[in-house]
There are 2 protein chains.
Amino acid sequence: MSTIGTVDADGGEGVSLHQRILSDISERILSGAWAPGHRIPFEHELTAQYKCSRMTVNKALSQLAKAGLIERRRRSGSFVRRPQSQAAVLEIHDIRIEVEALGLPYRYERVARQKRRSSAEDRALLELGPAGPVLALECRHFAGIRPFAHEQRLINLTAVAEAADEAFLGTAPGPWLIGRVPWSAAEHRIRAVAAEKHIAAALDIEAGAPCLVVERRTWSAEHPVTHVRFTYAAESHTLVARFTPSRT
Amino acid sequence: MSTIGTVDADGGEGVSLHQRILSDISERILSGAWAPGHRIPFEHELTAQYKCSRMTVNKALSQLAKAGLIERRRRSGSFVRRPQSQAAVLEIHDIRIEVEALGLPYRYERVARQKRRSSAEDRALLELGPAGPVLALECRHFAGIRPFAHEQRLINLTAVAEAADEAFLGTAPGPWLIGRVPWSAAEHRIRAVAAEKHIAAALDIEAGAPCLVVERRTWSAEHPVTHVRFTYAAESHTLVARFTPSRT
DNA sequence: CCGACGATTATGTATATACATATAGAAAGG
DNA sequence: CCTTTCTATATGTATATACATAATCGTCGG
């Protein structure tokens, strides 16, 4: 009612009111104090409680609704939602960063490179309509002296023409593409396979050994850009995804 | 400057200004028209362009910043961020729903159930401090007549006392827990393994065959609630995660 | 008893205004 | 030429107000 800005009248210590309302409410929900279905206070009640304007409360509640913690119903109020089907933010880093996080020296090696007209298989992988030029790459990523990951990549040269002139001897295609091509969508497919001979040799493991395969397809503004298949030897890699619903 | 509400003066057709600004700008960024590093118009310029108040523009830009598309710098303006390390929203559904989506009849079977004092291994899996009662479950999920997934679960009875009285013969522990326990965090670990004898038998595959293992640990307000390990035969399962950065 | 209808109410969206705050860049000083 | 100080500027947060919209609830008539 009186103060403006981030300095708060009473209990607050430098945190914005917005933040305080957000954390207060999400804490009550996550701790279970406000069970699913529970009606949280009306905007005008929170307005009185926090001694602030309705807009401030409204912004905070709208954000909680967008984060999926509450559901807002006109005329009825805002209600705690039932826990959602679990979703996790899966971050897939640059392999170099991943390897270096392990404290091991990283090395990249380009095994093969071929510019060709897209085959039917290429088009299926890229979800490409008409045939066009693509660049097929095969690479290895090392952690120390051990092979860490095997990479098979297709780049749609219609979408990224400049890739045709790049040898990819020193730079891995991943980091090269990131930062050069804005991407609008990506799809991951994660599965376990038995290593086929070719890949087993590249990873220095036995044929038939279990491997984790991560495939990623990337689009930029409706155009398919690239398809990658990373193969990791089972013991070398675990994907970790952590999720906290309060996406402040 | 003149109209209020969702009805728009000129071009808009029922969409809120907020939404229109959001989609206009993110489209320009994702299409590459505004490259990384590019300074997007100042708030006061957008205010003039959309003939609206600064607050409306500010809310939209703040949202884009929170979504990671732009970076805002005081005194300097707002800039298109470089494409981030790719992150995907990985949704892990109820297995029943997954199976039924395949058009196959779902069946659940509880193989074993044991209430015990947590062993050292249990405590490591749950990240539990002091020893306490836990419930260990082993289950199978079927798609048609074929085993689809094998489930090994630990439930921390200190956190969820009521689970002690549940036999889990008809209901799988996943759906039972969801909706009963609010959860605040989850961690997934995904990896490939060779099937050990016990699990190979349960899944009706050969020992040593590659399997996809998804482990999930769940907390509720700092208390570990449950640890699950799902094992899928390689050919039966692929995790798919799709991501579009415009998280409207 | 039931269905139509209008009043009430909580949220949704937008405006205009005010002051805070970080900082890039210009001006002043050594 | 380098450093310090000042100022202008763009964003950050909050207020008070206004009107739109959807849905619930009570009322009234058949």
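Nothing here was measured: the structure is a model prediction, and the numbers come from that model. So you know, we letter chains A, B, ... as the sequences are listed, proteins then strands, and number each from 1.
- Side-chain N/O atoms of B/Ser78 include none lying less than 4.0 angstrom from OP1 or OP2 on D/dA10.
- Rounded to an integer number of Å, the gap from CZ of A/Arg73 to P of C/dG12 is 12 Å.
- A search for side chain to side chain donor-acceptor pair (under 3.5 Å) contacts involving A/Glu71 returns A/Arg73, not counting sequence neighbours.
- With sequence neighbours excluded, no residue forms a salt bridge (charged side-chain N to carboxylate O under 4.0 Å, His left out) with A/Arg28.
- One can place CD of A/Glu43 at 17 Å from P of D/dA22, the figure rounded to the nearest angstrom.
- One interatomic measurement links the two molecules: CD of B/Gln63 to P of D/dT11, which rounds to 17 Å at whole-angstrom precision.
- Distance A/Ile40 CD1 to C/dT11 C1': 12 Å, rounded to the nearest Å.
- Residues meeting the salt bridge (charged side-chain N to carboxylate O under 4.0 Å, His left out) test with B/Glu109, sequence neighbours left out: B/Arg107, B/Arg140.
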Intermediate values then yes/no, side-chain hydrogen bond (donor to acceptor under 3.5 Å, both in side chains), B/Arg189 and A/Thr238: CA-CA 6 Å; B/Arg189 308 187 91 87; A/Thr238 302; 5.5 Å; no
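- For the contact set between residues 54-62 of chain A and DNA chain C, defined by any heavy atom under 4.0 Å, the members are A/Arg54, A/Met55, A/Asn58.
- Remark: A/Arg96 pairs with A/Glu100 by the salt bridge (charged side-chain N to carboxylate O under 4.0 Å, His left out) rule, at least two apart or across chains.
- Under the rule for a side-chain contact (heavy atoms from CB on, under 4.5 Å), the partners of A/Ala143 that lie at least two apart in sequence or sit in another chain are A/Val99, A/Leu104, A/Phe148.
- The ring pair (Phe, Tyr, Trp, His ring centres under 6.0 Å) pairs that include a residue from residues 154-173 of chain B are B/Phe168-B/Trp176, where partners are two or more places apart or lie in different chains.
- Between the NZ atom of B/Lys66 and the P atom of D/dG12 there is a distance of 13 Å, given to the nearest Å.
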In the 5'-to-3' direction, what one-character label does each nucleotide of nucleotides 4-9 of chain D receive under the scheme B = base within less than 4.0 Å of a protein heavy atom, S = sugar-phosphate only, - = no such atom? ----BB
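- Note: CZ (A/Phe79) to P (C/dA10) measures 11 Å, nearest angstrom.
- Here B/Pro105 pairs with nothing under the side-chain contact (heavy atoms from CB on, under 4.5 Å) rule; sequence neighbours left out.
- A straight line from CZ of B/Arg72 to C1' of D/dG12 spans 8 Å, rounded to a whole angstrom.
- Legend: residues meeting salt bridge (charged side-chain N to carboxylate O under 4.0 Å, His left out) with B/Arg54, ordered by chain and number and at least two apart, are B/Glu43.
- Contacts classified as salt bridge (charged side-chain N to carboxylate O under 4.0 Å, His left out) and involving residues 172-184 of chain A (residues at least two apart or in different chains) are given here: A/Glu162-A/Arg180.
- Where the helix from C/dC1-D/dG30 to C/dG30-D/dC1 starts and where it ends, the local axes point in directions that differ by 0°; five pairs per end, rounded to 10°.
- Straight-line distance from the CD atom of A/Glu71 to the C1' atom of D/dA22: 14 Å, rounded to whole Å.
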Kindly determine whether B/Glu45 and B/Lys51 satisfy salt bridge (charged side-chain N to carboxylate O under 4.0 Å, His left out), including the steps that lead there. CA-CA 10 Å; B/Glu45 295 174 310; B/Lys51 296 194 199 309; over 6 Å; no
